[in-house]
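Everything numeric in this text was worked out from a predicted model, so none of it was measured. Just so you know, ligand 1 is whichever comes first in the structure, and atom 1 is the first atom listed for that ligand.
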Amino acid sequence: MIGSSPNSGESGSAADAAPPLLEALTGARPARTPVWFMRQAGRSLPEYRAARTRAGTSMLDACLDPELAAEFTLQPVRRHGVDAAVFFSDIMVPLRLAGLSVRIEPGVGPVFDEPVRTPDDVARLIAHRYAEDAIGQAGAGAIETGVRLAVGELGTPGAPGGRPGVGERARAGLAESRGPASWTPLIGFGGAPFTLAAYLVEGRPSRDHLAARTLMHADPAAWDALMTWCARVTGAFIATQVRAGASAVQLFDSWAGSLSPADYRARVAPYSSLALNIAGQAVSPTVGGRVPLLHFGTGTARILRDMRSAGDDGGCAVGIDDRTDLAWAIDELRADDGRRRDAQHRRRSPVVVQGNLDPALLAAPWEVLAPAVDACLEAGRAADGHIVNLGHGVPPGTDPDVLTRIVARVHGSEEWERTALAGWDGAAHS
Ligand code: CP3
């Protein structure tokens with residue numbers, strides 16, 4: 001499958017081309033299919049682990065250090081040549097900026113000192129506001145600065161990025177990332193209200209989110225207050241990233257799959273729409289307008305249509321998890337088009353999907369993984385737009401060279417594979 005698609009990262013002639021990621025998000029078919037990885041930053045990279053150890057800060061404190069956040073955002077772009085950076089942060093950061101006591105325990109996940117269980121707890125919670133006090137404002141300022149620093153290296157239309165001191169190999173990664181365009185987009189993100197509420201109510205990671213679902217059924221008024229608050233806080237966090245220069249955003253609803261479709265529709269989707277509307281109204285200085293929206297969750301096969309139509313624009317790109325067949329998901333979304341066109345939606349929005357390689361394949365032999373990458377590309381051709389990604393995040397123990405090889409294969413560039421894998425010196429870029 002590896003062919004000779006254009007790979008003219010350094011050519012000035014095509015400097016006005018849109019980055020492949022943004023083209024795909026409009027439902028177009030760029031010459032090269034874009035690829036990035038959820039959790040591409042982080043523990044799979046030795047340069048990340050080294051810098052975290054050196055800094056000696058906790059995960060959430062690292063997110064609020066602009067230089068560190070920008071550096072961690074850029075590391076996978078320099079190394080893999082992926083088509084997008086995703087801002088290094090966490091879905092819990094806006095809750096910290098609203099004054100909650102939350103930490104991320106290594107190997108466990110988010111833990112809250114005071115879980116939100118009763119109507120009184122909810123009343124106390126919603127008295128908090130995003131970035132209201134001095135600490136919250138400083139945190140929001142740190143997010144803005146982190147995004148700006150990262151965008152400074154990734155570039156903007158007509159103003160290619162750059163940073164003195166970045167080595168030759170890192171520059172090659174950035175050039176590969178830009179492809180036919182002159183810059184690389186940064187994706188901003190936030191957690192969806194249900195996923196945030198599931199952590200808030202449980203107080204820590206849980207398998208079934210039972211306490212959250214009990215509150216949802218037992219006390220609709222408290223649930224409404226909790227979910228509205230989560231939507232506003234996460235929407236504001238995403239808007240902060242857009243106003244600082246993100247070119248696209250992704251809403252992560254990791255736990256939406258634990259709900260019945262009826263409950264999702266009635267008690268969760270309206271709040272995800274609120275969050276997306278708040279984020280969707282923000283204007284990005286990089287693209288000079290509002291930005292495209294991606295909506296991702298796991299176990300979501302039965303609610304893909306709802307996820308696509310979330311928000312007032314009713315046209316999200318949908319992240320497909322690895323438990324769902326990509327071709328089936330595209331058919332499912334297409335089948336919805338007829339219905340939507342007959343109904344009040346006069347404008348047909350393109351079917352844009354992202355996904356959905358099984359993260360488990362990353363540890364399989366290349367002879368097994370490579371055909372799976374080809375099959376993913378092939379299945380994605382049935383969509384109007386396709387962005388290659390995993391069906392969930394990169395597992396921490398992943399060999400990063402495997403991710404680079406996937407990028408090279410998706411880009412159809414043997415040359416990038418050779419350049420990328422020869423002589424990466426992580427320490428020089430940490
Ligand atoms: O590279 C990227 O994708 C951008 C950064 C990003 C992180 N978290 C950094 C991170 C993104 C997009 C997230 C989203 C996130 N965080 C989600 C939604 C996506 C998903 O995976 O379902 C969730 C549920 C969280 C909450 C969270 N944060 C968990 C469950 C964990 C793992 C805890 C562990 O140690 O296993 C985190 C920590 C976290 N967030 C790390 C990173 C790089 C690991 C931090 C470290 O130890 O270095």
Side-chain angles (χ1 to χ4, degrees), residues 35-65 68-77 79-80 82 84-96 102-112 143 146-147 150 186-200 202-207 209 212 230 234 237-238 241 246 248-258 272 294-300 319 321-323 354-355 359 389-398 400 403 430:
V35 53
W36 67 281
F37 305 105
M38 293 184 281
R39 288 277 172 96
Q40 63 191 17
R43 281 175 294 186
S44 65
L45 300 184
E47 56 270 36
Y48 169 84
R49 295 194 299 266
R52 273 293 301 280
T53 307
R54 252 199 329 268
T57 50
S58 72
M59 171 62 194
L60 291 180
D61 287 339
C63 293
L64 294 172
D65 177 325
L68 274 185
E71 174 63 20
F72 294 155
T73 302
L74 294 162
Q75 283 176 346
V77 184
R79 183 192 264 262
H80 304 306
V82 276
V86 55
F87 186 54
F88 181 86
S89 196
D90 196 84
I91 62 170
M92 295 299 146
V93 165
L95 304 184
R96 158 89 61 106
V102 54
R103 61 187 181 281
I104 293 182
E105 284 188 5
V108 178
V111 176
F112 289 87
I143 300 297
V147 169
L186 174 83
I187 300 173
F189 74 93
F194 178 70
T195 291
L196 294 178
Y199 282 110
L200 276 167
E202 304 286 342
R204 55 192 306 110
S206 73
R207 207 169 51 124
H209 322 296
C230 287
T234 204
F237 173 61
I238 303 172
Q241 297 166 66
V249 298
Q250 176 158 321
L251 193 70
F252 283 88
D253 208 350
S254 304
W255 310 136
S258 69
S272 295
L294 278 146
H295 198 177
F296 168 80
T298 63
T300 52
D321 75 359
D322 46 274
R323 290 178 247 172
Q354 177 172 277
N389 204 314
L390 305 176
H392 204 169
V394 174
T398 301
L403 298 174
S430 62

Step by step, work out the salt bridge (charged side-chain N to carboxylate O under 4.0 Å, His left out) result for Asp61 and Arg96.
CA-CA 10 Å; Asp61 287 339; Arg96 158 89 61 106; 3.1 Å; yes
Considering all heavy atoms of both residues, which atom of Ile91 and which atom of Gly190 are nearest to each other, and what is their separation?
CG2-C, 3.8 Å
Tell me the closest heavy-atom pair linking Ser44 and Leu403, and the distance in Å.
OG-CD1, 4.4 Å
Please name the pair of heavy atoms, one in Leu390 and one in Met38, separated by the smallest distance, quoted to 0.1 Å.
O-CE, 3.3 Å
Contacts table for ligand 1: protein N or O within a distance under 3.5 Å of ligand N or O, distances only.
unit_1, atom_1, unit_2, atom_2, d
ligand 1, 1 (O), Gln40, N, 3.2
ligand 1, 1 (O), Ala41, N, 3.0
ligand 1, 3 (O), Arg39, N, 2.6
ligand 1, 8 (N), Arg39, NE, 3.2
ligand 1, 8 (N), Asp90, OD1, 3.1
ligand 1, 16 (N), Arg39, NH2, 3.3
ligand 1, 16 (N), Asp90, OD1, 3.0
ligand 1, 21 (O), His392, NE2, 3.3
ligand 1, 22 (O), Ser254, OG, 2.5
ligand 1, 22 (O), His392, NE2, 2.8
ligand 1, 28 (N), Asp90, OD1, 2.7
ligand 1, 35 (O), Arg43, NH1, 3.3
ligand 1, 35 (O), Arg43, NH2, 3.1
ligand 1, 35 (O), Gly107, N, 2.6
ligand 1, 36 (O), Arg43, NH2, 3.2
ligand 1, 40 (N), Asp90, OD1, 2.8
ligand 1, 48 (O), Tyr48, OH, 2.6
ligand 1, 48 (O), Arg52, NH1, 2.9

Does the ring centre of Phe189 sit less than 6.0 Å away from the ring centre of Phe252?
yes
Could you check whether Gln354 and Gln250, counting side-chain N and O atoms only, form a donor-acceptor pair closer than 3.5 Å?
yes
